[in-house]
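Keep in mind that this is a model prediction, so the values were computed, not measured. Index from 1, following the sequence.
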Amino acid sequence: METIYQTWDEILALFAQRGFPEESSENLDEEEYILHPGPAALPGSLWLDDHQYRYQNPWIKAGGRPQYDDIDGAVTGYVIDGDLHVDGNIVNLDYGSPSLVVLGDLKAANLVLTGTSRLLVQGDVEVETFIGNSTDQYVEVRGDFRAKATVLWDEFVPEVRGRLLGRVVAPGYLLPGSGLTIDDAAQGTALSELLVPEILLGENGAGEPDPSGDDTYLAEAGLRYRVMIYRILAGLPIIRGGRTVLPLEELPAE
């Protein structure tokens, strides 16, 4: 299905037709967006990192305008008019990156949002792992958010109108008063039984991820952050029994 550029007024009109709340759209930049006019399915993974990665994005050629750093397809964000199913991972690590609006349900293997992409989903989200740690980011899910493991850090909390289902790893101060309704069906299961040993610190770990010993960002939670990100980019699972998917490609050498 062909993607097209839409003005902000056209996007707002679509939101109104689909019953997407006006207050949610206030968290988006009032610019042109690329619209996928219907449900979308991606066989691989989806980079949301900055414009330099957009050559990998299957929706980027939407009318051939405008130019950004001499590469066709500058974009503020993507709007999917229906469900979005991504066989692989959705990743945003950098700042100044496009937003993603899904006017339906979102399914992916893993979701990593540590940059500035804004994610708005009108329906439910279902992933194996969700990692979010940037307060410059905005995530709003109008339905349920289902993840076997969710890692929230640096005071980042998503807006989830339904339930956040699964294990949540976060600082002790973060969740009280957050407004999240958490439902962990595996509450009695140890974290070491949910996650692969390679990302665990201490006796449950599978070796040092960094000879310098600098992988301490999530040490309080007993996790190796750099190894987690590496595994996501390599298409390897974070949870035990998780899926192996296509890796995210590195940028070509300059």
Exercise. Would you please name every residue forming a ring pair (Phe, Tyr, Trp, His ring centres under 6.0 Å) with F156, sequence neighbours left out?
Key: none
Exercise. Calculate, to the nearest 0.5 Å, the distance between atoms CD and CZ belonging to Q122 and R161 respectively.
Key: 12.5 Å
Exercise. Can you sort out the partners of D124 under side chain to side chain donor-acceptor pair (under 3.5 Å), two or more places apart, ordered by chain and number?
Key: none
Self-check item: Of all pairs that satisfy side-chain hydrogen bond (donor to acceptor under 3.5 Å, both in side chains), the ones with a partner from residues 168-183, not counting sequence neighbours
Solution: R163-D183
Exercise. Of all the heavy-atom pairs spanning E140 and S24, show the shortest one and how long it is.
Key: OE2-OG, 2.6 Å
Quiz item: Say you draw a straight line from OH of Y138 to CG of L119; how long is it, rounded to the nearest 0.5 Å?
Solution: 10.5 Å
Quiz item: Is D184 close to V168 at the side-chain level, that is, under 4.5 Å between some pair of heavy atoms?
Solution: no
Exercise. Heavy atoms only: give me the nearest R243-D87 pair and the separation to one decimal.
Key: NH1-O, 3.1 Å
Practice problem: Applying side-chain contact (heavy atoms from CB on, under 4.5 Å) between V91 and each of L48, N110, L248, report the one that passes. | Solution: L248
Exercise. Fit a plane to each ring of W8 and Y33, take the angle between them on a 0 to 90° scale, and name the class: parallel (under 30°), tilted (30 to 60°) or perpendicular (over 60°).
Key: tilted
Quiz item: When you measure from the side chain of R231 to the backbone N and O of P237, does any donor-acceptor pair fall under 3.5 Å?
Solution: yes
Exercise. Measure the CD-CD1 distance between E128 and I232 for me, rounded to the nearest 0.5 Å.
Key: 8.5 Å
Quiz item: Would you say the side-chain atoms of R18 pair up with the backbone N or O of D81, donor to acceptor, closer than 3.5 Å?
Solution: no
Practice problem: Could you tell me which residues satisfy side chain to side chain donor-acceptor pair (under 3.5 Å) with R146, sequence neighbours excluded, listed by chain and number? | Solution: none
Exercise. Considering non-hydrogen atoms only, spot the tightest contact between G82 and V102 and give its length.
Key: O-CG1, 3.3 Å
Quiz prompt | F145: which of V127, L180, I182 passes side-chain contact (heavy atoms from CB on, under 4.5 Å) | solution = V127
Quiz item: Counting only N and O atoms by type, is there a donor-acceptor contact under 3.5 Å from the side chain of R240 to the main-chain atoms of V196?
Solution: no
Quiz prompt | Partners meeting side chain to side chain donor-acceptor pair (under 3.5 Å) with S117 (sequence neighbours left out) | solution = N92
Quiz item: Would you say E22 has more than 12 foreign heavy atoms packed within less than 6.0 Å of its CD?
Solution: no
Quiz item: Who passes side chain to side chain donor-acceptor pair (under 3.5 Å) against Y217, sequence neighbours left out?
Solution: N133, D154
Exercise. Please check if the side chain of S45 supplies one atom and the backbone of N89 the other of a donor-acceptor pair under 3.5 Å.
Key: yes
Quiz item: Is the shortest distance from a Lys or Arg side-chain nitrogen in D29 or R118 to a carboxylate oxygen in the other one below 4.0 Å?
Solution: yes
Quiz item: Can any side-chain N or O of E198 pair as donor or acceptor with the backbone N or O of V227 at less than 3.5 Å?
Solution: no
Quiz item: Among L165, V139, L106, D105, which residue meets the side-chain contact (heavy atoms from CB on, under 4.5 Å) test with V125?
Solution: L106
Quiz item: So, for G77 and P98, which heavy atoms are closest and what is the spacing to 0.1 Å?
Solution: CA-CB, 4.0 Å
Quiz item: Hey, does the side chain of T216 reach the backbone of A219 with a donor-acceptor pair shorter than 3.5 angstrom?
Solution: no
